[in-house]
Asks: 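Sharing a structure with you now.
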There are 2 protein chains.
Amino acid sequence: MPWEKSFDESDVVEKTMQVFWKKGYAATSISDILDVTGIKRGSLYNAFDGKDDLFMRGLLKYDAEQRRSMMRELESVDDPREAISMFFDFIVRRSNSDSDQKGCFLVNTSLEFSQHSEAVQKVVTDAFKEISAFFEKQIKRGQEGGSIPDTISPRETAKALVASLVGIRVMGRGTFGKAALQQIADQAKRLIA
Amino acid sequence: MPWEKSFDESDVVEKTMQVFWKKGYAATSISDILDVTGIKRGSLYNAFDGKDDLFMRGLLKYDAEQRRSMMRELESVDDPREAISMFFDFIVRRSNSDSDQKGCFLVNTSLEFSQHSEAVQKVVTDAFKEISAFFEKQIKRGQEGGSIPDTISPRETAKALVASLVGIRVMGRGTFGKAALQQIADQAKRLIA
DNA sequence: GCCTGTTTGGACCTTTTGGTCAAAAAACGG
DNA sequence: CCGTTTTTTGACCAAAAGGTCCAAACAGGC
């Protein structure tokens, strides 16, 4: 059994993810990836299947490390109102602390829609569905506990919260200033007030 | 004085706009534009400056014909609450009636952020600022007339409405179903209830 | 220290990219 | 019907795209 790779495979995926995240799929070239990873062409194609493969891996990594891990933390928050509130604050903080203003990789990808495979599209839509389901669950919990009014519709309000979240992610790429994002988040919370 | 162009220049811009709108800047090639317009390479470069120029013209056309013209109509609506409501319904209808699910050209462009010139970025940010200002104005009018509660902040609520709008436009590209968009819009309206 | 099987580097390939150019074609004034 | 002026056409270009390939470099087992 001879030899291990000299480069860290997951490190390459990480760096590749960053580029796709920032520039999008179409605007990112293999040369860009070579530059940022320091790896050589042959090594890349020896370890991965190509551009699509790299993109998918990056997207899955993002989904696991950013979205899923955050949601796992929030699942353990007792107060459902607080869980939703923290979700928004977390996203605002994330948006405002990224000097590259890359936004959300999932949102960005959802707008490159047509140029992606069904598999990629599924990752994105599933992610949004899960976020929506999370909000819905928390709203129901809040209604049971009496902290959220029974008059609102859990499912529809959940979708509205997702839309606000997406809006924050888009506007966070430069259209509005930093202060605005928190303001939007605070307004969105009024939907469950 | 000899000869007029055999092709309709504004027709070329229209068709070009549709392609950029649907596929984005990076994923659209000159050949795509040639195909969809039926024009030949030389003619294109004789009439326009290049890809960037075409993109800018398309974006300006969209802004004028879609966003500005809609807002002009809404300016003349008496009831401020109704004006805001109609804005959302209009966008929902537009999203749901587009079989290509192209979304909003301005929103799409705002996510291609980094690859565009300052001039393009300005068109986008100005558009959002104007929409926000429109909402703010209507909210203030509503408060003066008594149809919108004084307790809400006009400026911040306006921004939240913009974010919701953007969210609808993004989710309208395929993530959520058609019914969901109207539901989100209806929830967003609760911010001024 | 040599054989074995993998990784590496980079030359190379084809296709596509955005863009140029010169010759041919066409409408107008005279 | 002839020059002038502009559009049109398609060949052409250099650069960049994504991807392939193979000789050289390499770390194990024996």
Side-chain angles (χ1 to χ4, degrees), chain A residues 1-59 108-109 112 114-120, chain B residues 1-60 108-109 112-120:
Chain A
M1 296 291 112
W3 205 11
E4 278 170 25
K5 283 191 189 67
S6 75
F7 64 86
D8 180 4
E9 195 159 311
S10 78
D11 184 54
V12 168
V13 174
E14 167 68 27
K15 283 169 176 163
T16 301
M17 178 194 81
Q18 296 277 345
V19 187
F20 279 132
W21 186 0
K22 181 175 179 181
K23 313 215 313 176
Y25 179 81
T28 299
S29 70
I30 298 289
S31 298
D32 289 334
I33 295 171
L34 265 30
D35 288 348
V36 82
T37 58
I39 225 176
K40 291 296 160 55
R41 229 179 175 75
S43 301
L44 199 163
Y45 280 94
N46 175 250
F48 306 98
D49 273 352
K51 198 180 174 182
D52 289 15
D53 180 37
L54 251 341
F55 185 84
M56 180 56 114
R57 284 175 197 249
L59 188 64
N108 298 355
T109 301
E112 290 188 311
S114 55
Q115 44 191 314
H116 287 296
S117 68
E118 310 242 325
V120 165
Chain B
M1 297 291 111
W3 204 11
E4 278 168 26
K5 284 192 188 67
S6 75
F7 63 88
D8 181 3
E9 193 158 312
S10 79
D11 183 55
V12 168
V13 174
E14 167 69 26
K15 283 169 176 162
T16 301
M17 179 194 79
Q18 295 277 346
V19 186
F20 279 132
W21 186 359
K22 182 176 179 181
K23 313 214 313 174
Y25 180 81
T28 300
S29 71
I30 298 290
S31 298
D32 289 333
I33 296 171
L34 264 30
D35 287 348
V36 81
T37 59
I39 225 176
K40 293 295 160 57
R41 225 176 179 77
S43 301
L44 198 164
Y45 280 95
N46 176 250
F48 306 98
D49 275 353
K51 197 180 175 182
D52 289 16
D53 180 37
L54 250 342
F55 185 86
M56 180 56 115
R57 283 175 198 249
L59 188 65
L60 288 174
N108 298 354
T109 301
E112 291 188 310
F113 200 71
S114 55
Q115 45 190 313
H116 287 296
S117 66
E118 310 240 326
V120 166

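Letters go in sequence order (proteins before strands), and every chain restarts at 1. Because the structure is a prediction, the values reported are computed rather than measured.
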Asks: Can you measure B:Asp8 atom CG to D:dT7 atom C1' for me and round it to whole angstrom units?
Replies: 15 Å

Asks: So does A:Lys40 get a side-chain nitrogen or oxygen closer than 4.0 Å to the phosphate oxygens (OP1/OP2) of C:dT8?
Replies: no

Asks: Please tabulate, for side-chain N and O atoms in residues 17-24 of chain A, each donor-acceptor pair with protein atoms closer than 3.5 Å (sequence neighbours left out).
Replies:
from, atom 1, to, atom 2, distance (Å)
A:Gln18, NE2, A:Glu14, OE2, 3.0
A:Trp21, NE1, A:Gly103, O, 3.0
A:Lys23, NZ, A:Asp32, OD2, 3.2

Asks: To the nearest 0.5 Å, tell me how far A:Ile39 CD1 sits from A:Asp8 CG.
Replies: 9.5 Å

Asks: Give the rounded distance in Å between these two atoms: CZ of A:Phe48 and P of D:dG18.
Replies: 16 Å

Asks: Look at the side chain of A:Gln115 and the backbone N and O of A:Tyr25, then say whether any donor-acceptor pair between them is shorter than 3.5 Å.
Replies: no

Asks: Rounding to a whole Å, what distance do you find between A:Leu44:CG and C:dG10:P?
Replies: 15 Å

Asks: Say you draw a straight line from CD1 of A:Ile30 to OH of A:Tyr45; how long is it, rounded to the nearest 0.5 Å?
Replies: 3.5 Å

Asks: Roughly, in whole Å, what's the span from CD in A:Glu9 to C1' in C:dT8?
Replies: 14 Å

Asks: Using side-chain heavy atoms (C-beta onward) and a distance below 4.5 Å, is A:Ser31 in contact with A:Arg41?
Replies: yes

Asks: So if I take residues 12-21 of chain A and measure heavy-atom distances to DNA chain C, which residues fall below 4.0 Å?
Replies: none

Asks: For A:Phe48, which residues count as a side-chain contact (heavy atoms from CB on, under 4.5 Å) partner, sequence neighbours excluded?
Replies: A:Glu9, A:Val12, A:Val13, A:Leu44, A:Asp53, A:Leu54, A:Arg57

Asks: So which heavy atom on A:Val120 is nearest to which on A:Met56, and how close?
Replies: N-CE, 3.7 Å

Asks: Give a yes/no answer on whether the side chain of B:Asn46 brings an N or O atom under 4.0 Å of OP1 or OP2 in D:dT8.
Replies: no

Asks: With pairs taken as Watson-Crick or G-U wobble and both distances under 3.5 angstrom, which stems of at least three consecutive pairs involve DNA chain C?
Replies: C:1-4 with D:27-30, C:6-13 with D:18-25, C:15-30 with D:1-16

Asks: Just jot down the side-chain hydrogen bond (donor to acceptor under 3.5 Å, both in side chains) partners of A:Lys15, sequence neighbours excluded, or say none.
Replies: A:Asp11

Asks: Could you list, one pair per line, each protein nitrogen or oxygen that sits under 3.5 Å from a nitrogen or oxygen of nucleotides 18-24 of chain C, together with the distance?
Replies:
from, atom 1, to, atom 2, distance (Å)
C:dG18, OP1, B:Thr28, O, 3.3
C:dG18, OP1, B:Lys51, NZ, 2.9
C:dG18, OP2, B:Ile30, N, 2.7
C:dG18, N7, B:Arg41, NH2, 2.7
C:dG19, OP2, B:Tyr45, OH, 2.9
C:dG19, OP2, B:Lys51, N, 3.2
C:dG19, N7, B:Arg41, NE, 2.9
C:dG19, N7, B:Arg41, NH2, 3.3
C:dG19, O6, B:Arg41, NE, 2.4

